[in-house]
Amino acid sequence: MPKIELPDGQVRDFPEAETAYDVARAISPSLAKKALAAEVNGKIVDLARPVKDGDRVKIATADDEAGLYAMRHTAAHILAQAILRLYPGTKLGVGPVIEDGFYYDVDPPEPITADDLARIEAEMKKIIAEDLPLVRREVTRDEARRHYAALGDPYKLELIDAIPDGDPITFYTQGEFTDLCRGPHVPSTGKVKAVKLLSVAGAYWRGDSRRPMLTRIYGTAWPSEQALKDYLQALEEAKARDHRKVGKELKFFTFAKEVGQGLPLWLPGGAKVRRIIERYIVDLEESLGYEHVYTPVLANLELYQISGHYAHYHENMYPPMALDHETLVLRPMNCPHHMMIYKSEPRSYRDLPLKIAELGTMFRYEASGALTGLHRVRGMTLNDAHIFVTPEQIEAVFTEVVELIRRVYRDFGIDDYWFRLSLRDPEDTEKYVQNDEIWNKAEGMLRNALRALGLDFVEAKGEAAFYGPKLDVQVKTALGKDETLSTVQLDFVLPERFDLTYVGEDGEHHRPVVIHRGVVGTMERFVAFLLEKTKGALPVWLSPEQAVVLPVSDRFRDAAARVVRVLKAGGVRARLDARNESLNYRIRDAQVKKIPYTLVVGEREAESGTVAVRRRGETKAEAMPVEAFVERIREDVAARR
RNA sequence: GCCGAGUUAGUUAAACGGUAUAACGGCGCACUCGUAAUGCGCAGUUCGGAGUUCGAUUCUCCGACUCGGCACCA
C-alpha cells in the first residue's frame with residue numbers, strides 16, 4: 001500500500017499504484033494524459049518507474065522543467081531513429097538535451113547537410129505519429145557491448161566502457177530503434193508535440209580536437225506548435241540585437257580583409273562611444289588611486305620568456321620578428337610590461353598596494369574560426385591593471401576590485417551577470433604553471449574572499465589563466481552565449497619569475513603578489529555587449545550623438561543652426577540636419593539612427609527661443625527653452641541615463 | 001584550426017547556362033514641408049584566380065573572407 005508524498009506536502013495512499021504513471025492516473029485522468037515524466041525523491045525518472053512506500057512524487061508535464069527535459073531527450077532519440085531510417089549504417093555518438101532543445105552527434109556513411117534537415121524532420125514527424133512506446137531495459141555490460149559490436153559502433157562502445165562499474169546500463173527501445181541511454185524519456189514518441197531541426201555542424205567526438213569530427217544536428221522541441229513558433233520568433237528577435245548587425249547599421253565599426261581578419265576599424269560613431277567609456281573608466285580609476293601608464297605593443301621576446309607567456313601561450317602569439325640584435329613579439333598581454341614598471345625602482349611596503357593601469361592594446365593570434373565580430377578579435381584594447389600587494393592586502397584589494405566592478409556595472413545599467421570562479425584543471429599539466437602549493441593557496445584565497453563578500457558564484461575547473469585562478473564576471477551575448485566581461489586574477493607566479501620585491505617594515509625583501517584585473521574588459525567586447533543590450537539605443541550619456549536639430553523648412557535653417565551652436569556650447573553632442581528632405585523623413589532617420597533626442601525648430605520655436613523635443617521611441621513632442629534642454633541633457637549625463 | 005553553408009551596387013535582396021535587376025541609402029533637380037519614408041532623374045568590373053562551354057552571377061577546382069557549430073578564449 002504505497003503512501004506517497006505529493007508536491008503540496010500531503011501524503012496519500014495509492015492502493016493500486018506500482019508506477020509513477022499509476023499515481024498520475026489515480027490523481028486525475030487528465031494529469032495522466034499530460035504526464036511526461038516524474039520526479040521521485042527529487043530525481044527525474046520515467047513514468048513507468050516503480051514507486052514505493054514513502055516516496056515523494058511529482059508528476060511532470062510540459063509545464064515543468066522535468067517534463068520538457070524528458071520530451072527533448074526523447075526528441076533526440078527520434079532524431080537518431082529518423083537518421084538511421086534514412087542513412088542506414090550511421091554510427092551514433094551522444095544526443096543530450098541542451099538549453100531550449102537537443103542535439104545528436106552522428107557519423108553517417110554519407111555527409112548530411114542543412115539541405116537534408118527537412119527530410120529528416122519529416123521522418124521524425126512520422127515517428128511521432130507512429131506513437132511508439134519507449135521501453136526501458138537494464139542490460140549487462142556484456143550485452144550492451146555485444147549489441148554495439150554487432151552494429152559496429154565504436155562511439156557507443158567507448159561510452160559503455162566509460163560507465164563506472166556498479167552503475168546500471170540501460171537501453172531504451174522505441175519501435176525498431178534502441179539506444180544506450182540513462183533516460184528519462186516520455187512514455188511514447190507521440191508525446192513529443194512540436195519539433196524542428198535548426199542546424200547542422202561539426203563537433204569533435206568527446207569535445208577533443210584530436211579525435212574525429214562527427215556531424216551534430218541541433219533541434220528544438222516544444223509542447224505545442226505555438227510554443228515552437230514563439231521560440232523561433234524569439235530567436236529572430238535575438239538576431240536583430242546582434243552587435244554585428246546593429247554596429248553595421250549605426251556605422252560603429254567595420255572590418256576589411258585588406259586590414260586583416262579580426263582587426264576592427266572603429267568608425268567615428270563607435271570611436272566616440274569608446275572614448276566616452278575610456279574617459280569614464282580612467283577618471284574613475286584615477287580617483288581610486290590607479291596610476292595610468294603607456295607601454296609599447298611590441299616587446300623583446302625575452303620579456304615573454306621571463307613571464308612564461310611564450311612557453312604557455314605562444315600558440316596565441318604572433319610569431320617573433322628577428323631584426324638587428326633583437327627578437328620582438330607583438331604583446332598578447334600587458335602584464336610583463338607592468339612588471340617592468342614595478343621593477344623600475346625599489347619598492348617599499350609603503351608603496352603597496354601599487355595600482356598600475358593602462359588601456360593596453362594587444363594582439364592575439366586567435367583561431368580563425370573563433371573570430372566573431374567584436375566579441376572575439378585579434379587586436380584589442382583592455383582596461384587593464386596590475387595591483388601589486390603584500391600577501392596581507394590580498395583580500396582587501398580583491399574585495400575593492402569586486403566592488404569597483406559592481407559599481408561600474410551599475411553605472412552602465414548592467415544587471416544580468418554572474419560570477420565564475422575559474423580554477424585550474426590539475427590534470428592539465430600542459431596548460432598550467434606547475435606548483436601545487438601556490439595554486440591551492442591562491443584558489444583557497446579567492447574562494448574565501450568571495451564567501452566573505454557573500455557573493456554567489458559558480459566554480460569552473462580548467463578555466464583559470466595559466467598563471468593563476470581568477471574570478472570572471474560572465475554575461476550572455478544576444479545569441480545566448482556566455483562570455484567573460486570582467487576578470488580578477490590572483491598571481492603568485494609572475495612576481496617570482498620577475499623577481500619582484502619590496503622592502504618590508506622589517507627591512508627585509510619580500511615577494512609581492514599581483515592582482516590582474518580588467519573591469520570594462522576589452523573595449524571591443526564591452527561596446528559589442530552594450531550594443532546588444534541596448535539594441536543600439538545607447539543611453540544619452542553614451543550616445544555618440546545626443547540630439548539632432550531639424551528645421552521645419554529652409555526658412556528656419558539659421559534658427560536651427562543657432563540652436564545647435566547653443567547646444568554644443570552647453571556640451572551637448574548635437575548635429576544639424578537641414579537636408580533637403582521632408583521633416584517626416586528626417587524624423588524617421590533620427591529614430592532609425594537611435595538618436596536620443598530629436599529637436600524640431602519651426603516658426604513657433606524660432607520666435608520663442610524654444611525647441612520641440614521628441615524623445616527616442618516616443619511620438620509626442622514637448623516644447624521647452626533651449627537652455628532647459630541643455631540642462632536636461634546634463635541631468636541625463638550626470639545620472640548616466 | 002576543424003566540419004558545413006555562403007559571398008551579386010554603400011545596405012538588404014532578385015535573376016531555367018543566354019541583354020545583370022529592385023528597394024533603401026548616396027548624388028542632382030523640383031517642392032519649402034509641423035513629428036516615422038515628397039516626386040522625378042543619375043551612378044554597377046556579380047569576392048579573387050583557373051577550368052568546362054559558342055556563351056558562366058549560375059557548373060567544376062583552388063584561394064580569400066563571412067556565417068553556424070566544434071575546439072580555443074578577454
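The sequence lines fix the lettering, A, B, ..., with proteins before strands; numbering per chain opens at 1.
Only at 4.0 angstrom or more do the heavy atoms of residues 400-420 of chain A sit from any atom of RNA chain B, so none qualifies. Near RNA chain B, meaning a heavy atom under 4.0 Å from it, residues 551-562 of chain A has Val552(A), Ser553(A), Asp554(A), Arg555(A) in order of number.
Residue-level contact check: Gly521(A) touches neither bases nor backbone, having no heavy atom under 4.0 Å from any strand. Residue Glu524(A) is classed as having no contact, given no heavy-atom separation below 4.0 Å to the nucleic acid. Gly602(A) comes within contact range of at least one nucleobase, with a heavy-atom separation under 4.0 Å. Using a 4.0 Å heavy-atom cutoff across all strands shown, Arg210(A) reaches no nucleic acid atom at all. Residue-level contact check: Thr113(A) touches the backbone only, with heavy atoms under 4.0 Å from sugar-phosphate atoms and none from bases. Lys620(A) comes within 4.0 angstrom of nothing in the nucleic acid, heavy atoms only.
Taking side-chain N and O atoms only, Tyr218(A) has a distance below 4.0 Å to OP1 or OP2 of C70(B). Applying the 4.0 Å criterion to OP1 and OP2 of G68(B), one finds that Ser199(A) has every side-chain N and O outside that range.
Side-chain contact between His337(A) and Pro296(A) is present, with heavy atoms from C-beta onward closer than 4.5 Å. Residues Phe526(A) and Thr381(A) have side chains not in contact (no heavy-atom distance under 4.5 Å, counting atoms from C-beta outward).
In the interface, the side chain of Gln489(A) is not paired with the base of A74(B) through any donor and acceptor atom under 3.5 Å apart.
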- Task: Take Tyr218(A) and Tyr103(A) through the test ring pair (Phe, Tyr, Trp, His ring centres under 6.0 Å) and record every step on the way to the result.
- Result: CA-CA 4 Å; Tyr218(A) 285 94; Tyr103(A) 66 78; 5.5 Å; yes
Under 3.5 Å, which donor-acceptor pairs link side chains of residues 232-242 of chain A to any protein atom two or more places apart or in another chain?
from	atom 1	to	atom 2	distance (Å)
Gln233(A)	NE2	Glu237(A)	OE2	3.2
Glu236(A)	OE2	Lys239(A)	NZ	3.4
Arg241(A)	NE	Glu532(A)	O	2.8
Arg241(A)	NH2	Glu532(A)	O	3.4
Arg241(A)	NH2	Lys533(A)	O	2.9
Asp242(A)	OD1	Arg244(A)	N	2.8
Asp242(A)	OD1	Arg244(A)	NE	3.1
Asp242(A)	OD2	Arg244(A)	NE	3.3
Asp242(A)	OD2	Arg244(A)	NH2	2.6

